[in-house]
Each structure stands twice: as structure tokens, then as C-alpha cells.
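Everything numeric here is computed off the predicted structure, so don't read it as measured data.
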Amino acid sequence: MPAMLDSVAPPMPIPGHIDPVPVPRAKTFREDGRIDLIGLGKDELRQTLLDAGMELRQAKLRAKQIWHWLYNRGATEFSAMTDISKTMHPWLEQRFVIGRPEVVEAQVSTDGTRKWLLRSPDGQDYEAVFIPDADRGTLCVSSQVGCTLNCRFCHTGTMRLVRNLTAGEIVGQVMLARDALGEWPSQPEGRMLTNIVMMGMGEPLYNFDAVRDALKLVMDGDGLALSKRRITLSTSGVVPMMARAGEEIGVNLAVSLHAVTKEVRDELVPLNKKYGIEELLQACADYPGANNARRITFEYVMLKDKNDSDAEAHELVRLLRKYDLPAKVNLIPFNPWPGAAYDTSTPERVRRFSDIIFEGGISAPVRTPRGRDIDAACGQLKTAAEKKSRAQMDREADEKMAALG
């Protein structure tokens, strides 16, 4: 019997009209029968060694050693594990593999942004982006192959949802970036990769267990050791999962808001028909750990003549004040893509919108687009195999909106 890539195959959400519909996910096997150790926590790693026939006392010791080599030193071969007997290396190599995503294509923008098109062993493509700045380096991580939400302004949202990424595939993006940047062994000083945002392909809260387990590995002080204060999880507003995310993961929260009225947000973010703006903002007010030192970030893409008026800026201030939210608003100039139904707000309009929010006592910086020339900017992630015509995208969006009622 070949070994599964996942020790347990969880239900996979597939596109529904508003919420994904949980269905059993087909088991995925490695052709060589070996088990990938990346994505396993300390207890899971020990149990995996036991299941493979290792004696209990030895499994406890070896699990601790292997875990350190995987997540602290970035080893990709068992032969590099110098504190494990050379006679044991063949036994490990026969049964296990230390995986990394296959890099199909690596691109570098003129501004230094890096984008990787990655492929899983079962042939699914997804993307990760590294954005360097003077004082930080941020890795944008994907949580799904495709997306279920169909947000109209987002290129990724025009893709169909294929499947959830596993915890190993999620943390593997971080490890691949560390490989590329030469940042092993793990150490907090002098890193280029300082921050992680779960803002790549997919809705993280519709793949909650894998995202939680991957981020726990990232935050473990003995391993990748990235502080939870340097990790931000973005959601389009999956209200029932937000409190659980705060309690079980505890990272910073970003909310894709993009509109202040039901009519406009229903169009831009169809999930709003299930969880409306007021319900979403209440969930933000209740988010564990939110305070003035850990503000909730509201993402707001600026679309010409759609959501960028003075009146909408004033309404945004009113809503955030109503719920007494410790908030920051990130204004994002729309990143165009072929077939998009929207235009970018003018720089003057973006500046005026920002000024109104600042005058209301709320920080509203304008995000500088990065990686546009390689389609790595916000909302542009999308595999080349998923190109569609404008007419096809409009038809599919209209069908979904009709189904939403």
C-alpha cells in the first residue's frame, strides 16, 4: 500500500453558492510509497516513526533530532543529519522524504519581488510571492489551489477551487523561500524573510486545520521561530471561523472589506450575502487579542467610480467608530488584469479617500503596488492554466450572483 501524502485526508470544501460544501477528499499517494515528513508536528513525527516500526524509546529521540534538522536547519537530505547514525540513514530514506514544492517557474520583478509557481506531487499548481522592503521582507502564502469565493475584482477569484493545500504544502512555501534566501539555520537576527501574510491563493479560513497546523510550525520557537506578531491571516469574512482563528492561531487579522454598502460589497465579495458588513464588523470587534497595539487591518481595493467616493470614505470611518475597532485601513490601488471589469481609481481620488480616513483618526496608508510586471501584485495570483475570456468570467459571475438570489 503506498503511503499517503496526508496522514488523514480531511474533507475538502468545493464551491457552493455561498459557503463551500464539505465532501470527502480523494486520498493522494506518492508514487514511491514514501511519507513526506514536512508538515508534521513533533507528536505526529514521533508517531510516524513508530508506525514505520521504530522502537518507542528510539522514536522519541529520533523524532526530536529529525524535527530540529527539518525546521531549524532546513535539511533536505537525511545524510545531512550528522547526529543520527549513518547506518540509520538508508532506513529513513527508504520510508520517508523531506519534501519541497516543485518550482515550475521562478520570476523576479524589476522591484525585487519574487514569485514562484509551484507544483504539488499530484500535479496541482499554486503560487507564493516574496516582497522585499527596506525594513522587512514579507512572504505571501497560498492556502488553496484556486479559490471558492469569486470576488469580482480578484484575478485569483476567477479560478475554480481545486483542493485545499496540506499543512506540509503551506509550510513548504515558507521553507522554499528560506532555501532561496539562504536563511538556514533558523535565527531571528538578520533575516530577510521577517513577515508572513496568508493572502495568497484561497480563503485561509476555509482550510482552517491545515493553516493552523502550518502556522504552529512556523511559530514554534525551536523551529522556524517566527513571532505570531509578524504573521497576518487575511479573510474575506468567514465570520463563524474568526473567533476560533484568534483563539487557536492568535496571529494578526486582516479583513478584505472593499466596500461599505451591502449593494457594492454583495457585488465585489459575494460572501457578503451570507455574512453582512455589520455581522463581520462585530466579529472583528470580538476578535481575541485585538487592541491598539495589534490593530485589525481592513483591506480596501480602490475601484474607479465603484467604491472610492468621499461619501464612502466617511461611511467607512463611521462604521469603524461605531464598533470601536482598533483599526488600520490599507488602501490598495486596483491591480489590473486581462478581462477585469473594473478600473483603477486615480491617484488624486485615492489620496482624497485616504485623507478623509486619516482626518477621522484612523490610519489609512496607500499600499505601493509591487510585482505588477510579473502578475505578483495583490489580487493577481493565478496560474497560467486558468486563463479565461472576459465573456466567460462575466457569465460565470452572473450565474453565481443569480444563484445567490
Reported CD1-to-CG distance for the pair Ile277 and Asp266, which is rounded to 0.5 angstrom: 8.0 Å

Judged by atom type as modelled, is there a donor-acceptor pair below 3.5 Å linking the side chain of Arg349 to the main-chain atoms of Asp305? no

Separation between CG (Leu56) and CZ (Arg46), nearest 0.5 Å, reads 8.0 Å

Validation row: Asn164, Ser143 side chains within 4.5 angstrom (heavy atoms): no

Between Thr235 and Leu205, is there a donor-acceptor pair closer than 3.5 Å when you use the side chain of the first and the backbone of the second? no

Over all heavy atoms of both residues, which pair between Tyr71 and Leu37 is shortest? Give the atoms and the distance, please. OH-O, 3.6 Å

Determine the minimum heavy-atom distance between Val104 and Leu118, stating which atoms define it. CG2-C, 4.3 Å

Could you grab the distance from atom CD1 of Ile98 to atom CG of Asp36, nearest 0.5 Å is fine? 9.0 Å

Over 12 foreign heavy atoms within 6.0 Å of CD, Glu55: yes

Separation of Asn272 CG from Ser256 OG (nearest 0.5 Å): 12.0 Å

Counting distance only, does the side-chain N/O of Glu169 pair as donor-acceptor with the main-chain N or O of Thr166 below 3.5 Å? yes

Applying salt bridge (Lys or Arg N to Asp or Glu O under 4.0 Å), can you list everything that pairs with Arg119, at least two apart in sequence or on another chain? Asp125

Give a yes or no on whether a salt bridge exists between Arg244 and Asp209, defined as a side-chain N under 4.0 angstrom from a carboxylate O. yes

Tell me the side chain to side chain donor-acceptor pair (under 3.5 Å) pairs involving residues 288-297, sequence neighbours left out? Asn252-Arg294

Can you give me the closest heavy-atom contact between Lys328 and Pro365, atom names plus distance? CG-CD, 4.1 Å

Can Ile170 and Met198 be said to form a side-chain contact (heavy atoms from CB on, under 4.5 Å), step by step? CA-CA 10 Å; Ile170 294 168; Met198 295 299 306; 4.2 Å; yes

Report the residues that fulfil salt bridge (Lys or Arg N to Asp or Glu O under 4.0 Å) with Asp286, sequence neighbours left out, ordered by chain and then residue number. none

Look only at the side chain of Ser142 and the backbone of Gln144, and say whether a donor-acceptor pair between them is shorter than 3.5 Å. no

Scan for side chain to side chain donor-acceptor pair (under 3.5 Å) pairs involving residues 215-229, sequence neighbours excluded, and state none if there are none. Lys42-Asp222

Would the distance check show the side chain of Glu312 and the main-chain N or O of Ser309 forming a donor-acceptor pair, the cut-off being under 3.5 Å? yes

Determine yes or no for a side-chain-to-main-chain donor-acceptor pair under 3.5 angstrom, with Asn330 supplying the side chain and Glu299 the backbone. no

Side-chain donor or acceptor of Arg34 paired with backbone N/O of Phe96 under 3.5 Å: yes

Please table the atom pairs, donor to acceptor, closer than 3.5 Å between any side-chain atom in residues 60-68 and protein atoms at least two apart or in another chain.
unit_1, atom_1, unit_2, atom_2, d
Arg62, NH1, Gln65, OE1, 2.8
Gln65, NE2, Asp83, O, 3.3

I need the Thr232 OG1 to Met199 CE distance, nearest 0.5 Å. 5.5 Å

Please determine whether side-chain contact (heavy atoms from CB on, under 4.5 Å) holds for the pair Val108 and Thr113, giving the CA-CA distance in whole Å, both sets of side-chain angles, and the decisive distance to 0.1 Å. CA-CA 6 Å; Val108 181; Thr113 298; over 6 Å; no

Any side-chain heavy-atom pair of Asp310 and Arg352 under 4.5 Å: yes

Donor-acceptor pair between Glu278 and Tyr323 side chains, under 3.5 angstrom: yes

How would you list, by chain and number, every residue that makes a side-chain hydrogen bond (donor to acceptor under 3.5 Å, both in side chains) with Trp91, sequence neighbours excluded? none

Are any side-chain N or O atoms of Arg95 and backbone N or O atoms of Pro90, one a donor and one an acceptor, separated by less than 3.5 Å? no

Heavy-atom distance under 4.5 Å between the side chains of Phe208 and Glu248, does that happen here? yes

When you compare the side chain of Cys147 with that of Leu161, does any pair of heavy atoms fall below 4.5 Å? no

Residues forming a side-chain hydrogen bond (donor to acceptor under 3.5 Å, both in side chains) with Glu183, sequence neighbours excluded: none

Candidate pair Val350 and Asp308, rule side-chain contact (heavy atoms from CB on, under 4.5 Å), full reasoning: CA-CA 7 Å; Val350 175; Asp308 62 353; over 6 Å; no

To the nearest 0.5 Å, what is the distance between CD1 (Ile356) and CG (Leu316)? 10.5 Å

Test of understanding: with side-chain contact (heavy atoms from CB on, under 4.5 Å), list the residues that count as partners of Ala75, not counting sequence neighbours. Trp69, Ala80, Met81

Just checking, any donor-acceptor pair under 3.5 angstrom between side chains of Asp43 and Gln47? no

Phe130: which residues meet the ring pair (Phe, Tyr, Trp, His ring centres under 6.0 Å) condition with it, sequence neighbours left out? none

State, yes or no, whether a side-chain contact exists between Ile196 and Val251 at a heavy-atom distance under 4.5 Å. no

Looking only at heavy atoms, which two atoms of Gly41 and Leu217 are closest? And how far apart? CA-CD2, 3.9 Å

If I compare all heavy atoms of Leu193 with all of Leu181, which pair ends up nearest, and what's the gap? CB-CD1, 3.9 Å

Donor-acceptor pair, Ser120 side chain versus Gln124 backbone, under 3.5 Å? yes

Please examine the side chains of Phe334 and Asp343, heavy atoms only from C-beta on, and report whether any two atoms are closer than 4.5 Å. no

Going by distance alone, is a donor N or O of one side chain under 3.5 Å from an acceptor N or O of the other, for Arg351 and Thr346? no

For Lys304, the salt bridge (Lys or Arg N to Asp or Glu O under 4.0 Å) test, sequence neighbours excluded, returns none

Closest heavy-atom pair and its distance - Arg100, Gly74: NH2-O, 3.4 Å

Sequence neighbours excluded, which residues qualify as salt bridge (Lys or Arg N to Asp or Glu O under 4.0 Å) partners of Arg318? Glu315

Apply side chain to side chain donor-acceptor pair (under 3.5 Å) to the pair Asn195 and Thr138, showing each step before the final yes or no. CA-CA 5 Å; Asn195 294 68; Thr138 302; 4.7 Å; no

Can Asp133 and Arg136 be counted as an ion pair, charged N to O under 4.0 angstrom? no

Residue pair Leu303 / His258, side-chain heavy-atom distance below 4.5 Å: no

Residues which pass ring pair (Phe, Tyr, Trp, His ring centres under 6.0 Å) with Tyr300, listed by chain and number, not counting sequence neighbours: Phe353

Test side-chain contact (heavy atoms from CB on, under 4.5 Å) applied to Leu215 and Ile231, step by step: CA-CA 9 Å; Leu215 290 182; Ile231 300 173; 4.0 Å; yes

Any donor-acceptor pair under 3.5 Å from Glu279 side chain to Tyr275 backbone: no

Answer yes or no: is there an ion pair linking Lys306 with Glu267, defined by an N-O contact shorter than 4.0 Å? yes

